[in-house]
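Below is one structure. I have some questions about it.
Throughout, a chain's letter reflects where its sequence line sits, starting with A, and its residues are numbered from 1.
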Number of protein chains: 2
Amino acid sequence: MEHLAEKVDQCSLFRDISRAELAAMLHCLQPVVRKYHKDELLTVEGEPLSALGIVVAGNAAVTKESVAGSRLIMTLLERPMMFGEMAAFSDTPIWPATVVAQSDCEVLFIQAQSIVGQCQKHCAYHQQLIYNMLSIVTNRALVLNRKVEFLLLKSVREKVVVYLLEQYRQTGKEMFVLPLDRNEMADFLNVTRPALSREMGRMRDEGLIDYHRASIKILDVEGMRRALEGE
Amino acid sequence: MEHLAEKVDQCSLFRDISRAELAAMLHCLQPVVRKYHKDELLTVEGEPLSALGIVVAGNAAVTKESVAGSRLIMTLLERPMMFGEMAAFSDTPIWPATVVAQSDCEVLFIQAQSIVGQCQKHCAYHQQLIYNMLSIVTNRALVLNRKVEFLLLKSVREKVVVYLLEQYRQTGKEMFVLPLDRNEMADFLNVTRPALSREMGRMRDEGLIDYHRASIKILDVEGMRRALEGE
DNA sequence: ACGAGTCGGTAACCATGGTTACCAAAAAGC
DNA sequence: GCTTTTTGGTAACCATGGTTACCGACTCGT
């Protein structure tokens, strides 16, 4: 199990668990290692799921049939990334996506049951494992939640205001440097770059903000909030 | 603890745990019960969080400052609803929202640690508790994920097509009854009702679907898929 | 069966923002 | 230093879809 422990100990599921403990734990978890050739399917969307996977060698892609037939790559998985952790514990334990090997690869599967199941040998770190699992899943939920909040904002103005006020709150200064360039920011806000520039230009004209490239200065917090008030 | 067990055993956190076991478990979990008067704050957005709450009497409201000052009610909590379960296990254990008592009410707080922490008395159902916690959290993440997928679709056409094909796939029949009325459907797809009707009208004109009120008939699956292909 | 209320379709109007294209400024390469 | 590339601002054009309003068709209560 030593060599396996080495390959997965960077996985967030095993955070704060020492290499030695991890090796011991892998006995309890009874992982199954499977090898796949390039283009082989590791999981098929819609099939029942009982284990989560961790890539230990090579890489794979999470793909989604875009409701239409065409297969679209959602995420690239490489060591030591995990997949299936969402659906594994849900009420509908069904693979939500198809995972296909991008190269020859090797995947370790762990039964969902053995994560929560009390390990017979009372591994001291089993608690930590469960805690990690909960962290991973709640963090993802929080990220998605934030994403939904932004997507529900209707106008570009609102998106920009919320984003800038969020930065303002985080830094505590009315002058700060944006962590994203315009393309990334537009992408994050789910608008096009020209639309973003246009709106920021208007906001500058209205005296709400001032900026040059990535450096932003908040001039009129009240005015910005008013843009949200009127919905 | 008997009376407490009675009040929370409908909570999804305790699903598949018998009333008797639950009462025993509550000893291990060391819950703290606090009473609040109407309008009192149970939690304040931004403050550190270490426990999750379950409403056992009265009701409370999850509120969010809309970035602007105004407080907006997000969810109404009544017995035996739970709150804080997302943030409790996340990397940033901070209350993401303010919870305020809507009436005089009573809340049971359970330390996040005692959920994952192995109970010293080896409660047989502790595993089930952990499993339930994971279910709750993963289910929420999956719901959010579906929401994001719909929100990322740009045109009304795409949203309608994805929604209808999803129903089609689920029922397996090309003729079925929509579970939502037009208002709810428009709401779910995040478009206005007239826009939805307009688009469905066009799709009928084009021979993709036929419908009358809630009963829908899928006529041209290929044609519908084509609407997604061109992005 | 009749009137009130609800639900869904439709149309005209118009604001918002995506598209495309072009240019200037900054940054990177040589 | 200069050229090349990347990044960001701007403008014109136009499609999409939100808004408002209205009307007909169902539903429900009496």
Side-chain angles (χ1 to χ4, degrees), chain A residues 149-164 167 175-219 223-224 226-231, chain B residues 149-164 167 175-219 223-224 226-231:
Chain A
E149 279 177 12
F150 270 103
L151 287 174
L152 284 177
L153 297 174
K154 297 144 299 302
S155 65
V156 176
R157 170 70 60 112
E158 282 174 293
K159 295 182 187 207
V160 174
V161 167
V162 169
Y163 182 72
L164 291 183
Q167 295 295 319
M175 201 162 174
F176 52 85
V177 175
L178 291 172
L180 306 175
D181 67 25
R182 286 290 182 283
N183 269 312
E184 295 168 323
M185 184 171 161
D187 213 48
F188 176 75
L189 298 181
N190 204 39
V191 297
T192 57
R193 189 187 54 77
L196 174 59
S197 277
R198 183 202 294 156
E199 198 57 42
M200 287 179 68
R202 284 185 193 145
M203 290 173 66
R204 175 162 57 187
D205 295 345
E206 294 174 30
L208 297 177
I209 58 175
D210 196 12
Y211 65 93
H212 179 70
R213 299 239 153 191
S215 31
I216 296 275
K217 183 165 190 178
I218 306 289
L219 297 177
M224 290 171 75
R226 238 173 288 130
L228 303 177
E229 285 316 296
E231 249 65 358
Chain B
E149 279 177 11
F150 270 103
L151 287 173
L152 285 176
L153 296 174
K154 297 142 299 303
S155 66
V156 176
R157 171 70 60 111
E158 282 174 294
K159 295 182 187 207
V160 174
V161 167
V162 170
Y163 182 72
L164 292 183
Q167 295 295 316
M175 200 166 173
F176 52 85
V177 175
L178 291 173
L180 305 175
D181 67 25
R182 287 288 182 285
N183 267 313
E184 295 169 324
M185 185 171 161
D187 213 48
F188 176 75
L189 299 180
N190 204 39
V191 298
T192 58
R193 189 187 53 76
L196 174 58
S197 277
R198 185 201 294 154
E199 197 58 40
M200 287 179 68
R202 282 185 194 145
M203 289 173 67
R204 175 162 56 189
D205 295 345
E206 295 175 29
L208 297 177
I209 58 175
D210 195 12
Y211 64 93
H212 178 68
R213 298 238 155 191
S215 31
I216 296 273
K217 183 165 191 178
I218 306 289
L219 297 178
M224 290 172 74
R226 237 172 287 128
L228 303 176
E229 285 316 297
E231 251 64 356

Practice problem: Output the distance between atom OG1 (B:Thr192) and atom CZ (B:Arg198), rounded to the nearest 0.5 Å. | Solution: 7.0 Å
Exercise. Can you see which heavy atom on B:Met224 is nearest to which on B:Val161, and at what distance?
Key: O-CG1, 3.5 Å
Exercise. Evaluate side chain to side chain contact (heavy atoms under 4.5 Å, CB included) for B:Lys159 paired with B:Leu196, printing each intermediate quantity in order.
Key: CA-CA 9 Å; B:Lys159 295 182 187 207; B:Leu196 174 58; over 6 Å; no
Exercise. Run the numbers on B:Phe150 and B:Val162 for side chain to side chain contact (heavy atoms under 4.5 Å, CB included), then give the verdict.
Key: CA-CA 8 Å; B:Phe150 270 103; B:Val162 170; 3.8 Å; yes
Quiz item: Over how many whole Å does the gap from A:Arg157 atom CZ to D:dG18 atom C1' extend?
Solution: 19 Å
Quiz item: After noting the C-alpha distance and the side-chain angles of B:Leu180 and B:Tyr163, does the key distance pass the side chain to side chain contact (heavy atoms under 4.5 Å, CB included) rule?
Solution: CA-CA 11 Å; B:Leu180 305 175; B:Tyr163 182 72; 3.4 Å; yes
Quiz item: Over how many whole Å does the gap from B:Arg213 atom CZ to C:dG9 atom C1' extend?
Solution: 9 Å
Self-check item: Rounded interatomic separation in angstrom, taking NE2 from B:His212 and P from C:dG9
Solution: 9 Å
Exercise. Check salt bridge (Lys or Arg N to Asp or Glu O under 4.0 Å) between B:Arg204 and all other residues, then give those that pass, not counting sequence neighbours.
Key: none
Quiz item: B:Asn183 has an atom CG; how far is it from atom P of C:dT6, in whole Å?
Solution: 12 Å
Exercise. Under the side-chain hydrogen bond (donor to acceptor under 3.5 Å, both in side chains) rule, collect the residues that match up with B:Arg213, sequence neighbours excluded.
Key: none
Quiz prompt | Phosphate contact (D:dG9 OP1 or OP2) by A:Arg182 side-chain N/O below 4.0 Å | solution = yes
Quiz item: Between B:Leu180 (CG) and C:dT6 (P), how many Å, whole number?
Solution: 20 Å
Exercise. Mind checking the OH-CG spacing from B:Tyr211 to B:Leu164? Nearest 0.5 Å is all I need.
Key: 10.5 Å
Quiz prompt | d(CG, A:Leu196; C1', D:dG9) in whole Å | solution = 11 Å
Quiz prompt | Within residues 197-210 of chain A: residues closer than 4.0 Å to DNA chain C (heavy atoms) | solution = A:Arg198
Quiz item: What distance separates B:Leu219 CG from B:Met203 CE, expressed to the nearest 0.5 Å?
Solution: 10.0 Å
Quiz item: Residues from residues 184-195 of chain B sitting under 4.0 Å of DNA chain D, heavy atoms only?
Solution: B:Val191, B:Thr192, B:Pro194, B:Ala195
Self-check item: For the student: nearest non-hydrogen atoms of B:Glu184 and B:Pro179, plus distance
Solution: OE1-O, 4.4 Å
Quiz item: Using the C1' atoms of five pairs at each end, what's the angle between the two axes of the helix from C:dA1-D:dT30 to C:dC30-D:dG1, to 10 degrees?
Solution: 50°
Self-check item: Between C:dG18 (P) and B:Leu153 (CG): distance, integer Å
Solution: 15 Å
Self-check item: Residues that B:Ser155 engages under side chain to side chain contact (heavy atoms under 4.5 Å, CB included), provided they are two or more places apart
Solution: B:Arg157, B:Glu158
